[in-house]
Structure formats: structure tokens, C-alpha cells
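Predicted model, so just to flag it, every value in this text is computed and none were measured. When a residue number appears, it is its place in the shown sequence, counting from 1.
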Amino acid sequence: MMLQVLVEESTGQLAVTGTRAALLGLAELLRGDRGRLDLYRNPAPEPYDASLSRIEFEETSGLVVAFASEDFESMEVRGGRESIDLLAENLKDFAEEADLDSHLHIEYLPDYGYLSEESDPLVIELADDGSGRS
């Protein structure tokens, strides 16, 4: 199960890339109250600036806040149960239904959504798992 998170320092954008199974595993992790998931660390993250080594999740309150740690080692995810569940459901739906050339943008929108204005924008991408399924 391969999952990686890349970060663009200038914008804070986080690119979460994984196989269907990896994205489903992340969605399942988010349904708990806290957790940690080790990531594939890409030695050549271009065009991004860094490849993170883990995701750390904790249920708190409010809208989802996702961000790269200051040392660019981890992606931190915090938020209330309802907002976290919406993020997990979107990840699950994308993993089950997306084509390999698809991606999902998750970013703050006023009066809509579950992502806090303080969150870094997310791009979810599907990686080829070698199964031939598109």
C-alpha cells in the first residue's frame, strides 16, 4: 500500500497520492479518534519541495485543519468528528470511483465545506496500483 504526501513550500499545498487501497486506508484511519501513518518518502519530489514521512491525525473540534509540520516531516490533520468524517467520505468516494488521470482539490471555501480557512489546500491523486484498473 503506497501513500505519499508532497508539499509545495510557497503555497503550502499538500499533494496526497496513493493507490486505491492506500487512500481507502487513510479514510479508515481518519474515522478513528487519533492515529499515525508512515508514508513513502519520495527522494525526488519535483515539482514539489519536500516529501513528508508520516501523517498524524487527531480528533479535536471545529473544521478540518491540515498542514505540513514546520520541519516538513509530517502532515498534521485536526478537526471535529463531523468535519473529519466528511473528509474521510470524500477520500473513500474518490478512491473507489476516480480514474487514474483524475485528482480532487480540497480547499477552503467560505460558507461551504468542512475545511478551515487555516488549512493548507489539498490535492488528492490516484496512483497506479499495477492492477490495470483505470
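Placement of Ile84 and Leu63 in two distinct hydrophobic clusters is found when ILVMFWY residues are connected by side-chain heavy-atom separations under 4.5 Å, directly or transitively. Residues Val123 and Leu126 are members of separate hydrophobic clusters, defined by side-chain heavy-atom contacts under 4.5 angstrom among Ile, Leu, Val, Met, Phe, Trp and Tyr. Grouping the Ile, Leu, Val, Met, Phe, Trp and Tyr side chains by contacts below 4.5 angstrom, directly or via other members, places Phe67 apart from Leu29. Under the 4.5 Å side-chain heavy-atom criterion for grouping Ile, Leu, Val, Met, Phe, Trp and Tyr, Phe57 is connected to Phe72 within one hydrophobic cluster. With hydrophobic clusters built from ILVMFWY side chains whose heavy atoms lie under 4.5 angstrom apart, Leu104 shares a cluster with Val16.
Put simply, CZ on Arg36 and CZ on Arg54 are 5.0 Å apart, with the number rounded to the nearest 0.5 Å. A distance of 8.5 Å separates CG of Leu3 from CE of Met75, quoted to the nearest 0.5 Å. Rounded to the nearest 0.5 Å, atoms CZ (Arg20) and CZ (Phe94) are 8.5 Å apart. Residue Thr19 holds its OG1 atom at 9.5 Å from CG of Asp128, rounded to the nearest 0.5 Å.
Sorted by first and then second residue, the salt bridge (charged side-chain N to carboxylate O under 4.0 Å, His left out) pairs involving residues 106-120 (not counting sequence neighbours) form an empty list. Within the structure, salt bridge (charged side-chain N to carboxylate O under 4.0 Å, His left out) pairs that include any residue of residues 67-82 comprise Arg41-Glu73, Glu58-Arg78, Glu59-Arg81, Glu76-Arg78, Arg81-Asp85 (at least two apart or interchain).
By the 4.5 Å heavy-atom criterion applied to side chains, Leu115 and Ile106 are counted as neighbours. Using a 4.5 Å heavy-atom threshold, the side chains of Ser116 and Tyr114 count as separate.
Between Leu23 and Gly18, the shortest heavy-atom contact is CD1-O, 3.7 Å. Heavy-atom minimum distance, Ser51 versus Tyr40: OG-O, 3.8 Å. For the pair Leu91 and Ala27, the tightest heavy-atom approach, listed with the atom from each and the gap, is CB-CB, 4.0 Å. The two residues Val7 and Gly12 make their nearest non-hydrogen contact at CG2-O, 4.2 Å. Minimum heavy-atom separation, Gly62 to Ser83: O-OG, 3.5 Å.
Residues Asn42 and Tyr48 bring no donor and acceptor atom of their side chains to less than 3.5 Å of each other.
The side chain to side chain contact (heavy atoms under 4.5 Å, CB included) test with Val77 singles out one residue from Leu14, Leu26, Leu122, Leu30, and that residue is Leu30.
With Thr17 contributing its side chain and Gln4 its backbone, the two residues share no donor-acceptor pair below 3.5 Å.
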